[in-house]
Amino acid sequence: MSQLQRHLRDRLLDALQGLGLSRTDAEPMLRLEPPKNREHGDVALGAFQLAKAMGKAPPALAAELAAAIAPDATVAAAVAAGPFVNFRFQRAALARDVLTDILQNAAPYGPAAKSKEVVCIDFSSPNIAKPFHIGHMRSTVIGTSLCRIHRHLGATVHGINHLGDWGMPFAKMMTAYMHWGDETELQKAPMRYMFDLYKRYSKEAKDNPALDDEAAKHFQALESGDDNKERRMWQFLRDESLKAFQGPYERLSVTFDAITGESFFEDKMEDAMQRVAKKGILETSEGAEVVTLKEQGIATPCLLRKSDGTTLYHTRDLAAVFYRESTYHPTRILYIVGAEQKLHFDQLKGVLVKMKEPIAAAVEHVPFGLVLSKNDEGKWEKFASRSGNAVFLDEILDEAVRKVTKVIAEKNPDLEDKDRIAEQVGVAAIVFNDLKNSRIKDVKFDWETMLNFEGETGPYVSYACARLSSILRKSEQSVPAIDKVDFSQLADAEKVLLVMLDFGTAVQRAAEQSEPSIVTAHTIALAGEIHSYLRDHHVLGAEPAVRDARLLLVEAARRLLVTGLSLLGITPPERM
RNA sequence: GCGCCCAUAGCUCAGUUGGAUAGAGCACCGGAUUUCUAAUCCGGCGGUCCCAGGUUCGAAUCCUGGUGGGCGUGCCA
């Protein structure tokens, strides 16, 4: 919360106390929000809850509050409008407060002081020996963004790549290799080659179920812990995969604090099983070991050991929860995993609840929608499913970069360092598009819309940054010192300033709801307001006092856009 | 069958947890450049908030029942 907002709250709490409501009672009901129509005021208070608590009619209370808040150096006006009280800040105070905080990198615009929150974020988690395709992108970019948002708010964050490097999919791959594989081909281009083998396996396994039995045997051999051919192959493919994933991760500016994949829990699963068994909730059903969760309204039991003795996804996730609990002591564990796996996490949490483990409360599935593309009939369908072909993320990023290169050739042919900027803007466009809507919504991936860089898009916000940078560059002076600026010159910038004022709440809400799109929306709003402002308010041509004040505004807007984008994992260019 | 999710302008979506006259972008139409980047800006057009009940001072938002679409539903992840 900014100084400005704190000041207003304080005065309101005083006023309410004067009207007979204690500060502690009033505090939680004092929800200041931007009015629907900004012409009403800068912030508004709906007096409904407060009035109820005080046994008054909302319009009456609103009138009393408005009367009790006399203008001061910060608050310009408090006006009752029916059950609402609308407040206006003094223009100079608004500008000074917001711009000072931004330029001094004070919270909420800069990082907050360390809090007690410890957040584990389990994200990206691709399967080894498979291409990094479009389907992995959502978890990766949402997860990265949430890591950055929580860090910004002062939490200790552990970003974890729970690599899919164990289990049946990998065993199937191995089976394919043992049937049709060729060592020299494999060494030449391991990822490509393994993917082709995997496709062949999927096709052949449909007519030949014996392949799956074979795969199960290989998995057993791998899980035996012996140093055998299965283990050596696993090691080789894991190393190659990590190397291959590095490419997309670098392009998306993604880093992890831990890469503890499923295999990491290989020697920790027995302990986890023991813990479950000790609680007396483990049952044997059809040869498998399960925990039933009917009493929690979950119809399907959670399988923890297959009838052939091997473990499952759930077993490893359970071991991972215990490991994270004792290693990190997290207050929240977020799983950035597609909505289609909701049942899996309900079951995981259900087992922990049945075990009466307090950590259960920290476990939180953060689901998101699918990536869809249009099929030949113009209907939306799952992207990767088209003729079994995965779409490589690199290809999509390349396509966006190509398109940006073309636009640069049209709009700004003299631009230096075109390739680097095209990469920056193109990747930003894709990431921005992914983080634009609520995560539960499916991403409709349509090349035409995707590569139309007009309107509310990554390039739109990037472009705003570039324009602002350009003005600062051309000013040929450093940004004026804050105490030298006459903030009353920025009375015409109220719309920009009010959006800036919303930043803190936006980031806060994004963290609470695990919803980066709230931050995305804020960057769009800020870019929009500053674009509009610049049309009618020239900076460099203005007289000195005005010019200085506007330069400060421009620098603050640029910095806040850069901060907002950085919370999304995007770095905007200085020119474009 | 059962469970979960989604449904708001022609299209893609917001709507700050129940509040003021439901907002953007795209598309379409019209306009803005001797001045800091027109990847921009300004204006116009466009609504049975899926349907039917209910809760209350007040519902796009909460509840119940439908409809349509998606996802999931014990030895994959």
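Protein chains get the first letters and strands the later ones, always in sequence-line order, with residue 1 at the start of each.
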Side-chain N,O (A:Trp380) to OP1/OP2 (B:G69) below 4.0 Å = no

Tell me what A:Lys436 touches on the nucleic acid: a base, only sugar-phosphate, or nothing, going by heavy atoms under 4.0 Å.
-> nothing

With C1' as the reference atom in both, quote the distance from B:A9 to B:U56 in angstrom, rounded to an integer.
-> 30 Å

Measure from NZ or CZ of A:Lys130 to the centre of the six-membered ring of A:Phe195 and say whether it is under 6.0 Å with the direction within 45° of the ring axis.
-> no

What distance, rounded to whole Å, do you find between the two P atoms, one in B:C5 and one in B:C28?
-> 38 Å

Integer-rounded Å distance: B:C42 C1' and A:Glu529 CD = 13 Å

B:G3 pairs with, by Watson-Crick or G-U criteria that keep both distances under 3.5 Å | B:C71

Rounded to whole angstrom units, what separation is found between the CD1 atom of A:Ile518 and the C1' atom of B:U17?
-> 11 Å

Scan A:Gln341 against the nucleic acid and name what it touches under 4.0 Å (heavy atoms): base, sugar-phosphate only, or nothing.
-> base

Determine the interatomic distance between C1' on B:A39 and the same-named atom on B:U55; round to the nearest Å.
-> 49 Å

Could you work out the separation of B:C50 and B:G70 based on their C1' atoms and round it to a whole Å?
-> 16 Å

Under-3.5 Å donor-acceptor pair between A:Thr300 side chain and B:G3 base = no

In Watson-Crick or G-U wobble terms, with both distances under 3.5 Å, the base opposite B:G19 is B:C57

Using a 4.0 Å heavy-atom cut-off across all strands, classify A:Ala525 as base, sugar-phosphate, or nothing.
-> nothing

Give one of base, sugar-phosphate or nothing for A:His531, where a contact means two heavy atoms less than 4.0 Å apart.
-> sugar-phosphate

Ignoring backbone atoms, establish whether A:Lys411 has a side-chain N or O less than 4.0 Å from OP1 or OP2 of B:A39.
-> yes

Is A:Glu204 paired with A:Arg200 through a side-chain N to carboxylate O contact shorter than 4.0 Å?
-> yes

How is A:Ile524 classified with respect to the nucleic acid when contacts are heavy atoms under 4.0 Å: base, sugar-phosphate, or nothing?
-> nothing

On RNA chain B, check which nucleotide each of A:Met168 and A:Pro35 is closest to and give me the residue with the more 5' one.
-> A:Pro35

Describe the nucleic acid contact of A:Leu534 in one word from base, sugar-phosphate, nothing, applying a heavy-atom distance below 4.0 Å.
-> base

Can you tell me, in whole Å, how much space there is between the P of B:U40 and that of B:G25?
-> 11 Å

Would you classify A:Gly167 as touching base, sugar-phosphate or nothing, given that sugar-phosphate means primed atoms plus P, OP1 and OP2, and contacts are heavy atoms under 4.0 Å?
-> sugar-phosphate

Please state how far atom CD1 in A:Ile128 lies from atom C1' in B:C76, giving the value in whole angstrom units.
-> 15 Å

Whole-Å distance separating the NE2 atom of A:His40 from the P atom of B:G19 | 16 Å

The Watson-Crick or G-U wobble partner of B:C49, with both key distances under 3.5 Å, is none

Please measure how far the C1' atom in B:G31 lies from the corresponding atom in B:A22, and state the result in whole Å.
-> 27 Å

Within the structure shown, what part of the strands sits under 4.0 Å from A:Arg316 by heavy-atom distance: base, sugar-phosphate, or nothing?
-> sugar-phosphate

Identified pairing partner of B:A14, criterion: Watson-Crick or G-U wobble below 3.5 Å | none

Looking across every strand, which nucleic acid part, if any, lies under 4.0 Å from A:Asp446 by heavy atom: base, sugar-phosphate, or nothing?
-> nothing

Tell me which nucleotide among B:C6, B:U37, B:G74 gets nearest to the side chain of A:Ser285.
-> B:G74

Give A:Asp346 one of three labels, base, sugar-phosphate or nothing, depending on what nucleic acid heavy atoms sit under 4.0 Å from its own.
-> nothing

Donor-acceptor pair between A:Gln347 and A:Thr300 side chains, under 3.5 angstrom | yes

Could you tell me whether A:Ala288 contacts a base, only the sugar-phosphate backbone, or nothing, with contacts defined as non-hydrogen atoms closer than 4.0 Å?
-> base

Tell me what A:Leu312 touches on the nucleic acid: a base, only sugar-phosphate, or nothing, going by heavy atoms under 4.0 Å.
-> sugar-phosphate

How should the glycosidic conformation of B:U17 be described, syn or anti, under the criterion that syn lies within 90° of 0?
-> syn

Looking just at side-chain N and O atoms, do A:Thr311 and A:Glu223 make a donor-acceptor pair shorter than 3.5 Å?
-> yes

Would A:His218 and A:Phe170 count as a close aromatic pair, with their ring centres under 6.0 Å?
-> no

Do you see a donor-acceptor pair shorter than 3.5 Å between the side chains of A:Arg439 and A:Gln513?
-> no

Quick one: label A:Val290 by what it contacts on the DNA or RNA (base, sugar-phosphate, nothing), any heavy atom closer than 4.0 Å.
-> base

In whole Å, what separates the P atom of B:G69 from that of B:C26?
-> 32 Å

Between B:A20 and B:G72, how far apart are the C1' atoms? Round to whole Å, please.
-> 42 Å

Relative to the 5' end of RNA chain B, which residue comes earlier, A:Met576 or A:Lys36, by the nucleotide with the nearest heavy atom?
-> A:Lys36

Would you state whether a donor and an acceptor, one from the side chain of A:Asn86 and one from the base of B:A20, lie under 3.5 Å apart?
-> yes

Mate of B:U40 across any strand shown (Watson-Crick or G-U wobble, both atom pairs under 3.5 Å) is B:A32

So what does A:Thr449 touch, heavy atoms closer than 4.0 Å: a base, only the sugar-phosphate, or nothing?
-> nothing

